[in-house]
Amino acid sequence: MEERVSAEMQPLHSELGEDLRLPLRNMVQGLREVVSQLREGESLWKSEDFDLQFFWKTLGDCFKAISQEATKLSLTFSKPPLPSVQDCQKLTADFQKNILNLTTVYYWLPKSQGVTLRRLVRDATIDIVEGVIQLLNVILSTPLQSLSQDQLTSTGVVWEACDRFSKLPKDNQVAVLSLMSSSAAIVEDALEEMEQARRADNPDPFSDIFDDADSRENRDTYWSETDKQLMAPCLGLVKAAKACLKKVSGAMKTHGKVDSLQHTTQLDDLGDITSEISPSVDELVLSLYPPMNYMTVQMNAAKVASVLNKVLEITKSSHMCPESENSWLQFLSGAIEHNMDKVKDLTQGST
């Protein structure tokens, strides 16, 4: 009782006492270790005993519980009186128990359900734990006054991370498709950006960056006629990347299955290789800005072509490619080869 009265009599603007800081600091340290383990840990569940429906229900309950615990923690330290040391210890212990429950349920998910799916669930779990760490650090560093903007923001970060549960893909097919959709959006943006720059009447793609015309006297900011010729097949490769993602996604929606380890693994293989498309496209598009280095452009174009050919090869050998899908595979393969040959011809002899 005496300890509680002492806590209530603390000045409004005082910072947390050392006795109250200790359980919060211990929790921060413990959660940092949890994050480290999450990045490296393996599933503990046997594939044949796994119940996917039960997993999602239990995981959802964990996300909801942590959102509620974050609210409770934030409100406890938003205004006087401060909690007693015992109350603070109980609060952090309950919070840690809920986070332990969350991580335990995540570890239930076996790789046989899909590496891509497991990675997305792991990232969502890590986002929550890191959000809680951020909230704890804000509470530790903020004087006791009222619910500060930083504290509101940090609490909101945890809420948002918990709310993402409803948006998580519920099987590996949907997980891979979601990643491919993100890649397609990046490729679309890169293509649109470069086509707009090429269509502009001014041959200087940096004209909207510099205000002073004299600062653009350097011809290195302009495309030469040869540069423009080389851009055409390079953008042809980017268009092939866009079409490839669209067609493979369509085949996956129509024919993709998660009914066996082999089928699930094939989805993961496609997810891994298609994730390389947007970074390779970005590198190619960036190398097209003046001054062009033709060897760099050729190397980046070859990287895009290589990734796309691997995507087509993996798709063709998978369960997602019945005979009805062969025509677009052949068309895209020919388009990739045609544009890459033109890039080689136009960069021939460059050093």
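In this structure, OG1 in T125 is found 10.0 Å from CZ in R118, a value given to the nearest 0.5 Å. To the nearest 0.5 Å, atom CG of residue L308 and atom OG of residue S280 are 6.5 Å apart. Expressed to the nearest 0.5 Å, how far CG of L346 lies from CG of L230 amounts to 5.5 Å.
Checked by atom type, the side-chain pair D87/S84 shows a donor-acceptor distance below 3.5 Å.
No donor-acceptor pair closer than 3.5 Å links the side chain of H319 to the backbone N or O of G256. In terms of modelled atom types and a separation under 3.5 Å, the side chain of S306 and the main chain of K303 share no donor-acceptor contact. A donor-acceptor pair under 3.5 Å is absent between the side-chain atoms of S74 and the main chain of A70, judged by distance alone. The closest donor-acceptor contact from the side chain of R21 to the backbone of L140 lies under 3.5 Å. In this structure a side-chain-to-backbone donor-acceptor pair under 3.5 Å is present from S141 to V138. At least one donor-acceptor pair under 3.5 Å links the side chain of W223 to the backbone N or O of L288. In this structure, S182 contributes its side chain and S178 its backbone to a donor-acceptor pair below 3.5 Å.
Listed here is the closest heavy atom pair of L82 and F77: CD2-CD2, 4.1 Å. Across all non-hydrogen atoms, the minimal contact from Q266 to S317 is NE2-O, 4.1 Å. In this structure, N172 and T264 approach most closely via the heavy-atom pair ND2-O, 3.4 Å. Closest approach of L117 and P169 over heavy atoms only: CD1-O, 3.1 Å. Residues D19 and P23 come closest through the heavy atom pair O-CD, 3.2 Å. Of all heavy-atom pairs spanning V297 and S287, the tightest one is CG2-O, 3.4 Å.
Within 6.0 Å of atom NZ in K97, 12 or fewer heavy atoms from other residues, nucleotides or ligands are found, so the atom counts as exposed in its surroundings.
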Extract all donor-acceptor atom pairs below 3.5 Å that involve side chains of residues 324-336 and protein atoms in other chains or at least two apart in sequence.
{"from": "E325", "atom 1": "OE1", "to": "W328", "atom 2": "NE1", "distance (Å)": "2.5"}
{"from": "E325", "atom 1": "OE2", "to": "H255", "atom 2": "NE2", "distance (Å)": "3.0"}
{"from": "W328", "atom 1": "NE1", "to": "E325", "atom 2": "O", "distance (Å)": "3.2"}

Solution key, residues 26-40 side-chain donor-acceptor pairs under 3.5 Å, sequence neighbours excluded:
{"from": "N26", "atom 1": "ND2", "to": "L22", "atom 2": "O", "distance (Å)": "3.4"}
{"from": "R39", "atom 1": "NH2", "to": "E130", "atom 2": "OE2", "distance (Å)": "2.9"}

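Ring orientation note: the planes of W108 and F54 are close to parallel, at an angle under 30° on the 30°/60° scale.
With sequence neighbours excluded, the residues satisfying side chain to side chain donor-acceptor pair (under 3.5 Å) with D227 are S224, Y294. For I273, the side-chain contact (heavy atoms from CB on, under 4.5 Å) partners at least two apart in sequence or on another chain are L270, E276, V307, K310, V311, I314. The salt bridge (Lys or Arg N to Asp or Glu O under 4.0 Å) check on D272 picks up R119, with sequence neighbours excluded.
Using a 4.5 Å cut-off between side-chain heavy atoms of Ile, Leu, Val, Met, Phe, Trp and Tyr, with links allowed through other members, M299 and L284 fall into different hydrophobic clusters.
Here K316 does not pair with E313 in a salt bridge; the nearest charged N to carboxylate O distance is not below 4.0 Å. Under a 4.0 Å N-O distance rule, the pair K239/E195 qualifies as a salt bridge.
Cation-pi geometry between K170 and F165 is satisfied (NZ or CZ under 6.0 Å from the ring centre, within 45° of the ring normal).
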Step-by-step salt bridge (Lys or Arg N to Asp or Glu O under 4.0 Å) determination, K242 to E188: CA-CA 7 Å; K242 175 184 173 182; E188 175 70 29; 2.8 Å; yes

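Here L179 sits in one hydrophobic cluster together with L120; the rule is ILVMFWY side chains under 4.5 Å apart, joined directly or through other members.
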